[in-house]
Peer 1: 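Below: one structure in structure tokens.
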Number of protein chains: 2
Amino acid sequence: MLDLDSVTQQLSERQFKITRQRRAVLRAIAGSNSRMSPAEVYAQARRNCRDLGLATVYRTLDILVEIGAIRRMHLDDGCEGFAPASAEHGHHLICSECHATIEFEDCNMTAMLKRLESRTGFTIEKHWLELVGRCPECQGKR
Amino acid sequence: MLDLDSVTQQLSERQFKITRQRRAVLRAIAGSNSRMSPAEVYAQARRNCRDLGLATVYRTLDILVEIGAIRRMHLDDGCEGFAPASAEHGHHLICSECHATIEFEDCNMTAMLKRLESRTGFTIEKHWLELVGRCPECQGKR
DNA sequence: GTGACTGCAAATAATTTGCATTACA
DNA sequence: TGTAATGCAAATTATTTGCAGTCAC
């Protein structure tokens with residue numbers, strides 16, 4: 001879930017203006033419980049802001065990633081999905097059927113990372129983890 | 001690393017023809033120690049096969065993903081990187097500076113996945129993990 | 001021999017940019 | 001009011017497709 005007030009505040013602090021268009025994009029993302037493509041965000045946000053342009057959606061998504069309000073995700077068919085990222089260090093669990101998306105934090109990988117660092121000589125800076133499965137509602141389907 | 005002979009054999013078994021172009025693409029990927037974009041594969045493979053077309057590279061990469069010889073990766077700047085995937089269940093560790101790529105298998109997540117399944121009600125089908133860091137050679141740089 | 005494979009060019013899709021205009025703060 | 005942000009259209013980039021010719025088996 002995305003907390004509109006706190007994101008809005010963050011935008012202000014960073015000197016970004018709170019425009020009607022940005023508000024519409026935020027509401028679109030906050031109102032969805034699944035990861036969205038730029039086109040989906042556009043379609044949804046347009047309902048609240050009829051003169052929104054697709055380019056603005058791209059520009060806004062970039063800003064939201066920059067301030068950490070949403071996170072870029074990998075999708076099976078390619079890339080460029082976005083989902084809210086409320087947690088400082090969060091990952092996503094996505095339903096392969098309906099794309100419902102849940103954020104979780106306890107990935108518990110420090111021990112494994114340490115082991116890998118000493119084995120490879122790499123210094124690991126970050127990790128990227130996504131889980132794909134079936135949400136409770138979709139488990140019967142297909 | 002990519003074992004040319006075994007991939008070639010897999011291609012044959014699946015009734016794919018071993019063409020000069022496919023060989024060049026395979027050699028390009030096998031000869032690199034880092035993840036490559038389609039354009040990089042094309043540039044490299046072209047050195048061994050001057051009349052190679054970019055479309056063929058795309059078609060070949062699709063086939064290689066299909067037979068599991070390489071794996072699609074997420075890159076920070078977007079998507080569509082490819083790296084060899086020799087292990088049945090492997091993940092990648094990528095250097096953020098030079099893009100050197102190492103595959104590893106022991107991700108050790110079963111306990112965490114179980115916990116998450118019971119907490120969320122999801123059935124987790126697969127996970128996607130990538131680590132980004134600095135390889136030994138690049139640790140001084142920047 | 002023949003069907004899968006190819007290069008090329010054209011088509012499509014996705015994203016970014018330039019610029020005159022608008023609207024936050 | 002001044003400047004960042006916008007919509008639109010054009011430009012760019014990435015990927016896919018159609019098709020006549022080619023080549024692996």
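Protein chains get the first letters and strands the later ones, always in sequence-line order, with residue 1 at the start of each.
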Peer 1: In this structure, how many angstroms lie between the C1' atom of C:dT15 and the CD1 atom of A:Ile63, rounded?
Peer 2: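 Value for this atom pair: 16 Å.
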
Peer 1: Between D:dG18, C:dA4, D:dT16, spot the one nearest the side chain of B:Lys17, thanks.
Peer 2: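 Of the candidates, C:dA4 comes closest.
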
Peer 1: Expressed as a whole number of angstroms, how long is the span from A:Arg50:CZ to D:dG7:P?
Peer 2: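 Rounded to the whole Å, the gap is 13 Å.
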
Peer 1: Output the single nucleotide from D:dT17, D:dG7, C:dT15 whose closest atom is nearest the side chain of B:Ala55.
Peer 2: D:dT17

Peer 1: Quick check on D:dG7: is either OP1 or OP2 less than 4.0 Å from any side-chain nitrogen or oxygen of A:Gln21?
Peer 2: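 Checking A:Gln21 against D:dG7: at least one side-chain N or O falls below 4.0 Å of OP1 or OP2.
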
Peer 1: What's the CD-P distance between B:Gln15 and D:dA24, to the nearest Å?
Peer 2: 17 Å

Peer 1: Is the shortest side-chain heavy-atom distance between A:Arg71 and A:His91 below 4.5 Å?
Peer 2: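 The answer is no, as the side chains (C-beta and beyond) never meet within the 4.5 Å cut-off.
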
Peer 1: Kindly indicate whether the side chain of B:Ile102, heavy atoms from C-beta on, has any atom under 4.5 Å from the side chain of A:Phe122.
Peer 2: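 Of all side-chain heavy-atom pairs linking A:Phe122 with B:Ile102, at least one is under 4.5 Å.
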
Peer 1: Among C:dT15, C:dC24, D:dT15, which nucleotide has an atom closest to any side-chain atom of B:Pro38?
Peer 2: D:dT15

Peer 1: Remember a base hit wins even if backbone is also touched, and classify A:Arg22 as base, sugar-phosphate or nothing at under 4.0 Å, heavy atoms.
Peer 2: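 Sugar-phosphate contact only - A:Arg22 comes under 4.0 Å of backbone atoms but never of a base.
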
Peer 1: Between A:Tyr42 (OH) and C:dA13 (P), how many Å, whole number?
Peer 2: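 Going from OH in A:Tyr42 over to P in C:dA13 covers 16 Å.
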
Peer 1: Go nucleotide by nucleotide along DNA chain C from the 5' end; which of B:Arg46 and B:Phe16 gets its closest nucleotide reached first?
Peer 2: B:Phe16

Peer 1: What is the separation between atom CZ on A:Arg23 and atom P on D:dA5, rounded to the nearest whole Å?
Peer 2: 14 Å

Peer 1: Find the distance A:Leu11:CG to C:dC24:P and express it as a whole number of Å.
Peer 2: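 Spelled out: CG on A:Leu11 to P on C:dC24 is 14 Å.
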
Peer 1: Please give, in whole Å, the distance from D:dA5 P to A:Leu61 CG?
Peer 2: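 Between P of D:dA5 and CG of A:Leu61: 15 Å.
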
Peer 1: What integer distance in Å separates B:Arg59:CZ from D:dT17:C1'?
Peer 2: 8 Å

Peer 1: Between C:dT16, C:dC8, D:dA14, which nucleotide gets closest to the side-chain atoms of A:Tyr58?
Peer 2: C:dT16

Peer 1: Any side-chain heavy atom of A:Arg20 within less than 4.5 Å of one from A:Asp51?
Peer 2: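 They are in side-chain contact.
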
Peer 1: With a 4.5 Å cut-off on side-chain heavy atoms, are B:His92 and B:Arg35 touching?
Peer 2: no

Peer 1: Does A:Thr19 place a side-chain N or O at less than 4.0 Å from the phosphate oxygens OP1/OP2 of D:dT6?
Peer 2: yes

Peer 1: Can you tell me if CZ on B:Arg47 sees more than 12 non-hydrogen neighbours from other groups inside 6.0 Å?
Peer 2: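 Not more than 12 within 6.0 Å, no.
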
